[in-house]
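Report on one structure; see the data block that follows.
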Amino acid sequence: MCGLIGYIGNRPAQPILIDCLRRLEYRGYDSCGLALLGDGIQVYKDQGKVAELQRGLSLNNERTGIGHTRWATHGRPSGINAHPHLDCAGQIALVHNGIVTNFLRLRQQLTQEGHIFSSETDTEVIVHLIEKYYRGDLAEAVATALGQIEGSYAIIALQTGPKKLVVARNESPLLIGLGDGENFAASDAAAILDYTDRVVYLEDGDIGVITDREITIANNGHEVSRQVQQVPWTQEEAQKTGYEHFMLKEIHEQPRVIQNTLRGYLSAIEPVAPEIAANGDIAQVLLLGCGTSYHAALVGKYLLEKLAKVAVRAELASEFNYHDTLLSKTWAIGITQSGETADTLMALRKAKSLGCKTLVITNVVGSSATRIADEAFYIKAGPEISVAATKSFIAQLVAFYLLALAWARIDTSSRERLMAELRLLPNKVQQLLDGQDDIAELGEYLSRYDNAFFIGRGINLPVALEGALKLKEISYIHAEGCAAGELKHGSFALLNPHTPVVAIGAQDNTYDTLLTNIKEIKTRGTPVIALAAEGDREIDKLVDHVIWIPGTTPLLSPVVNSVALQLLAYYAARKRGYPIDQPRNLAKSVTVE
Ligand code: F6R
């Protein structure tokens with residue numbers, strides 16, 4: 001949720017920290033701050049965006065510093081609650097991502113011992129604990145302090161005196177970036193790509209000491225070595241490159257993303273899931289995810305059941321963690337773009353502890369989920385900066401097509417037909433993008449309303465749920481995704497001429513019933529926008545507006561339909577003038593339960 005950055009090296013730290021903070025802003029953006037280390041520690045922090053913080057800074061030549069962008073969990077967004085936090089003596093500064101669950105008890109205890117707290121945050125107890133245990137070695141004090149902490153953390157600390165950064169992680173992402181005469185610490189690689197693509201991912205329990213020349217990492221008091229890895233993303237991928245918003249750029253990247261995900265997997269489908277395809281020992285698949293990734297899981301359920309003929313449960317990770325469940329001979333698959341979503345990590349751990357074989361479908365190499373799961377399937381979508389997931393969703397869907405094909409119990413010619421259609425998908429999506437002006441107009445039309453329904457059936461029901469989520473999160477129009485057949489069972493009461501319905505069609509066995517549902521909706525004077533395959537002359541006569549979708553096989557229609565709905569949401573939000581890449585109250589990666 002929060003973004004962390006640390007720099008130590010031979011260049012002025014302030015502009016580098018500001019630059020990295022801007023790139024981290026998608027992780028949280030209600031307040032931000034930095035601390036620079038010279039003879040003493042200077043802290044600059046406030047509520048608001050990095051650009052505002054930057055305006056208040058004067059030139060500073062210190063070469064060591066830490067920074068933070070915040071998504072508030074404990075204490076409202078404010079200058080006082082913003083990080084970095086200082087100890088009483090102002091000698092130690094700290095930035096933190098995560099949640100200290102026992103902070104109230106620790107705070108009471110530290111207050112009794114004479115520590116004075118200035119913020120409402122859980123983070124501040126960590127810096128006071130470090131102060132309490134400090135006996136001349138910052139890393140040792142950090143280790144002792146963290147021994148008292150329950151919860152999750154990634155921290156970067158610095159202290160007056162010899163220039164170094166001390167970093168530590170437990171269940172929150174943190175990596176060290178290796179430069180030439182300079183080193184970095186960051187909560188994700190995209191933040192430092194302009195400076196280095198060589199990184200070391202920290203493991204839970206690691207405590208590292210970073211100087212401009214070297215890094216040392218210890219775990220449980222013993223020095224450990226961690227592999228240096230190359231980040232598989234380019235600088236360009238992490239920039240807007242002329243687009244007005246990251247979201248629009250990421251929508252436009254989708255033809256290439258589909259190709260990337262297919263490449264290497266499609267020509268050799270068997271290796272995608274070698275054991276699983278051959279393993280008769282699996283009785284059911286359990287799909288676990290949150291938000292958009294959960295919607296991908298719902299499409300995945302449909303595909304695996306249809307093609308692999310295996311029983312599939314798709315569960316919200318946040319719910320799965322809190323009920324008793326029977327899992328025998330189960331293959332659990334976590335779906336998570338970031339690989340850091342707390343609920344999904346917990347769910348994967350639980351499934352593992354219940355004896356399941358585990359896989360994670362993720363976009364982030366080295367993420368926490370990849371360390372929990374037995375295997376990882378990388379969707380290769382490149383960095384996704386916009387808070388609203390777009391290209392990662394499409395890549396997750398492609399991953400499920402591949403998985404279902406790898407495992408398919410269908411005849412060779414059906415399999416080959418589907419593979420051929422998959423290869424055509426990037427062109428279909430490109431065609432849709434090329435003709436997006438009509439969708440832009442409809443997005444602007446939708447922006448006039450305060451409520452909307454999205455309906456679909458079969459494999460396009462999750463597309464309806466995702467379309468509604470996308471619209472509400474960036475345009476703040478209240479939107480509800482609903483099974484087309486369910487509308488009559490209650491929600492119909494809300495239909496009126498001021499509540500448009502977006503109906504998602506596909507030329508499959510649900511089509512005729514969807515047309516009937518549309519007719520019923522029209523009797524209430526409700527405006528209907530339909531997504532329909534090019535050439536469909538029937539739907540055209542029934543609805544107010546049509547978004548024409550380049551034809552593909554119904555099984556692949558969720559991909560093209562979803563891209564159309566992403567554009568619809570984008571243009572509605574743009575017309576309303578909202579901050580599309582950073583919607584209010586949200587953050588890219590939800591690392592708290
Ligand atoms: C919505 C969105 C979220 C995420 C959810 C899970 O646009 O992005 O709903 O899908 O927070 O995130 P990951 O996939 O990183 O686990």
*Please test Arg135 against Glu140 for salt bridge (charged side-chain N to carboxylate O under 4.0 Å, His left out), starting from the C-alpha separation and ending with a verdict.*
CA-CA 8 Å; Arg135 304 279 180 276; Glu140 266 177 38; over 6 Å; no
To the nearest 0.5 Å, tell me how far [X] [atom1] sits from [Y] [atom2].
X      : Y      : atom1 : atom2 : value
Thr344 : Ile335 : OG1   : CD1   : 8.0 Å
Cys32  : Leu53  : SG    : CG    : 4.5 Å
Gln148 : Glu150 : CD    : CD    : 9.5 Å
Leu175 : Ser187 : CG    : OG    : 7.5 Å

Is it true that [Y] and [X] share a donor-acceptor pair across their side chains at a distance under 3.5 Å?
X      : Y      : result
Thr160 : Gln91  : yes
His115 : Glu131 : yes
Asn60  : Gln42  : yes
Ser368 : Arg169 : yes
His128 : Glu113 : no
Thr292 : Lys470 : yes
Arg22  : Gln54  : yes
Thr358 : Glu375 : no
Thr330 : Gln284 : yes
Lys164 : Gln159 : no
Tyr7   : Asn183 : no

Any side-chain heavy-atom pair from [X] and [Y] closer than 4.5 angstrom?
X      : Y      : answer
Leu286 : Trp331 : no
Phe377 : Ile333 : no
Phe184 : Ile176 : no
Leu24  : Leu4   : no
Ser31  : Asn81  : no
Arg371 : Tyr201 : yes
Thr111 : Phe117 : yes
His68  : Leu34  : no

Lys/Arg N to Asp/Glu carboxylate O, [X] vs [Y], below 4.0 Å:
X      : Y      : value
Arg23  : Asp194 : yes
Arg11  : Glu182 : yes
Lys352 : Asp374 : yes
Glu384 : Lys391 : no
Glu244 : Arg574 : yes

Is a side-chain donor or acceptor of [X] paired with a backbone partner of [Y] at a separation under 3.5 angstrom?
X      : Y      : value
Lys163 : Leu158 : no
Thr196 : Leu178 : yes
Thr341 : Asp343 : no
Asp87  : Val127 : no
Asn363 : Ala381 : yes
Lys240 : Lys249 : no
Asn61  : Pro12  : no

*For the pair His295 and Phe393, evaluate ring-ring contact (aromatic ring centres under 6.0 Å, His included) and give the outcome as yes or no after the intermediate values.*
CA-CA 8 Å; His295 297 152; Phe393 176 65; 7.2 Å; no
*Relative to each other, are the rings of His83 and His96 parallel, tilted or perpendicular (30° and 60° limits)?*
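Taking His96 first and then His83, their aromatic rings lie parallel (interplane angle under 30°).
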Please check if the number of heavy atoms outside [X] that lie under 6.0 Å from its [atom1] is greater than 12.
X      : atom1 : result
Asn10  : CG    : yes
Asn102 : CG    : yes
Leu316 : CG    : yes

*For the pair Arg105 and Asp122, evaluate salt bridge (charged side-chain N to carboxylate O under 4.0 Å, His left out) and give the outcome as yes or no after the intermediate values.*
CA-CA 11 Å; Arg105 188 172 50 73; Asp122 54 340; over 6 Å; no
*What do the steps show when you test Asp206 against Arg226 for salt bridge (charged side-chain N to carboxylate O under 4.0 Å, His left out), and what is the final call?*
CA-CA 10 Å; Asp206 280 357; Arg226 300 271 176 245; 2.8 Å; yes
*asked:* Would His85 and Ser119 count as a side chain to side chain contact (heavy atoms under 4.5 Å, CB included) here? Give the steps.
replied: CA-CA 8 Å; His85 290 284; Ser119 78; 3.5 Å; yes
_Intermediate values then yes/no, side chain to side chain contact (heavy atoms under 4.5 Å, CB included), Ile92 and Leu86_ = CA-CA 6 Å; Ile92 301 168; Leu86 291 173; over 6 Å; no
*Stepwise side chain to side chain contact (heavy atoms under 4.5 Å, CB included) test for Gln14 and Leu57*: CA-CA 9 Å; Gln14 184 179 295; Leu57 294 175; 3.8 Å; yes
*asked:* Checking Ile155 against Val167 for the side chain to side chain contact (heavy atoms under 4.5 Å, CB included) test, could you report, in this order, the C-alpha distance in whole Å, the side-chain angles of both residues, the deciding distance, and whether it holds?
replied: CA-CA 5 Å; Ile155 61 159; Val167 296; over 6 Å; no
